K.L.:
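I am attaching a structure below and will ask some questions about it afterwards.
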Amino acid sequence: MIEIFSNIRNQIISFINSDKQRPILAAMAAGLYPMLFYYNSNFTLVNSWNQLANFVLYYLLVPIITFCALKLVFEKIKILNGYKKYLLSVINFILFVFLIILGTYGFRKKILILAILMAFGLGYLLYKHLNRIIVFQFLLALFLLAKLVPDLLKEINYDNSWVVQSDNIERTIFKKRPNIYVIQPDGYANFSELKKGHYKYDNNIFERFLEGREFKLYNDYRSNYYSTLSTNSSMFAMKHHYYNNVKQGSTELYKAREGIVGENPVLSIFKNNNYKTFLLLEKSYLIVNRPKIYFDYCNVDFSELSFMARGFEIDKNINEDLERVMDNNQSTSNFYFIEKLLPGHINVYSKNSKGKETERINYLKDLEKSNEWMMGIIELIIDKDKNSLIVIAADHGGFVGMNHTLESHIKQTDKDLISSIFTSALAIRWPESPPEFDNKLKTSVNLFRVLFSYLSEDQSYLTCLQDDRSYIKIEKGAPPGVYEYINQHGEIVFNPIMN
């Protein structure tokens, strides 16, 4: 082993002291670290094979070809011969800095121009030390690769056994077959919570609109988790995951998007009952990492997505898309999952926060926009499909009362602040009268199990309801870990689950 390290050391020293230009190594060194840097910072957004192929192409293969071609050009054209000693150093620095800035800030023209000018200057001044710089860049990449190993292992060894149901609900047969529309307004607080706590908002106009369209409003309904991905992963699995595979230093689950839009118990049940399934998104957030989509239809195509997309670049007109697919699928039983990123929530980061009072005001303005949109889409559905089952089910609360959402990962003792995280709107327009067991609708994890009990007219599935507890990952104010924040009875608690 000592001999191996000694040989590697001697080869590195020999490379550093060499005057030979190596365009392939210069290109790989410039692209490898930025690529791994982007993966380390955004792993759950880019963890698909076609994204990996794309990154290898543009971060490594294209630079290699470009570096080799430019070296050949500078050698063949006499007027450029005098500058060829600077070439690899300059383009190495430029590419290295360009890719890091692009992956961190996106295409910000002023920042990129300034960074490229600085990189040009450094490349020109340090051309004699290019081989040392290449070694340093490879060492940086090696360090990041070591950091990525746990992510890669979790990706490879991911275990989705937690979604396995404890009964035979996946074989249930529906006796009622209405078209089903689940509308998810992101971050829409429950109607009862809006009246009190940190919201203090009069939402009577919208509530009366819903009641006038035969919706039943479910007060005190809440999510089991704090984010769109964590809540929907649990909701479509009809099981708790307890953040059991969260990346260290993050709150996002591995394979969350795959569990929501990919094959899951809820979609399997609909398909087993010969329902067509439709995913209608305003933004591409739920499919940004290009998961295999198990829905029969999605209104966003992967060809519309950048490989470095964050999920908010596309803006689809859901109403138009919904009307079109409704018109084209009148002879089938259909399930529609419709996600609208309104009202959303307060700002995520402290640097963007305008203070808790202004954040509250802005949230309520967006709530009014959400109301207006929901009125339109509900009228559209009822007009075209009078006997449909329509569910309005938010994914979490608006975090109103905090300065920014990341404060939710600091231990809180204010009941209203904790409620503000999890409070979620639920309103259902049943084709007939509500079932006698709709009092089981307390948290999002059990939403579909209750709906399936209604559709199958089989209450035995209610014996396997999950606990109506709400969980969050705490990072400050207590030992880091996952804690139960709201118990089965809706009481505020602070019980460790995983530390």
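All values below were derived from every heavy atom in this structure, side-chain atoms included, with hydrogens, water molecules and symmetry-related copies excluded. Quick caveat, the model's predicted, so the values are computed rather than measured.
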K.L.:
Mind checking side-chain hydrogen bond (donor to acceptor under 3.5 Å, both in side chains) for S470 and listing every partner two or more places apart, or none if nothing turns up?
P.N.:
R222
K.L.:
Do NZ/NE/NH1/NH2 and the carboxylate oxygens of R213 and E379 come within less than 4.0 Å?
P.N.:
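Yes, R213 and E379 are salt-bridged.
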K.L.:
For the ring pair Y461 and F452, is the centre-to-centre distance below 6.0 Å?
P.N.:
no
K.L.:
If the plane angle is over 60° it's perpendicular, under 30° parallel, otherwise tilted; pick one for F270 and F335.
P.N.:
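Plane angle under 30°, so parallel.
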K.L.:
Please determine whether a side-chain nitrogen of the Lys or Arg among K384 and D327 lies less than 4.0 Å from a carboxylate oxygen of the Asp or Glu.
P.N.:
yes
K.L.:
When the aromatic ring centroids of H404 and Y349 are compared, is their separation below 6.0 Å?
P.N.:
no
K.L.:
Quick check: Y188 with H396 (ring centres under 6.0 Å apart)?
P.N.:
no
K.L.:
Looking at E258 and K292, does any basic side-chain N land under 4.0 Å from a carboxylate oxygen?
P.N.:
no
K.L.:
Does R360 make a cation-pi contact with F399, if we ask for NZ or CZ under 6.0 Å from the ring centre and within 45° of the axis?
P.N.:
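No, a cation-pi geometry is absent between R360 and F399.
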K.L.:
Determine whether the aromatic ring centres of F437 and Y454 lie less than 6.0 Å apart.
P.N.:
no
K.L.:
Below 30° counts as parallel, above 60° as perpendicular, anything between as tilted: where do the rings of H241 and Y243 land?
P.N.:
perpendicular
K.L.:
Salt bridge check: are K200 and D416 linked by an N-O gap of less than 4.0 Å?
P.N.:
no
K.L.:
Parallel, tilted or perpendicular for Y297 and F278, by the 30°/60° rule?
P.N.:
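If you compare the ring of Y297 with that of F278, the planes turn out tilted.
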K.L.:
Quick one: do R429 and E214 make a salt bridge, cutoff under 4.0 Å?
P.N.:
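Looking at E214 together with R429, the answer is yes, because their closest N to O distance falls below 4.0 Å.
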K.L.:
Between K316 and E282, is there a salt bridge with N-O shorter than 4.0 Å?
P.N.:
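A salt bridge is absent here (no side-chain N lies under 4.0 Å from a carboxylate O).
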K.L.:
Check the orientation of Y181 and Y336. Use parallel for under 30°, tilted for 30 to 60°, and perpendicular for over 60°.
P.N.:
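Taking Y336 first and then Y181, their aromatic rings lie parallel (interplane angle under 30°).
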K.L.:
Measuring centre to centre across the rings, with the benzene-like ring taken for any Trp, is F191 within less than 6.0 Å of Y218?
P.N.:
no
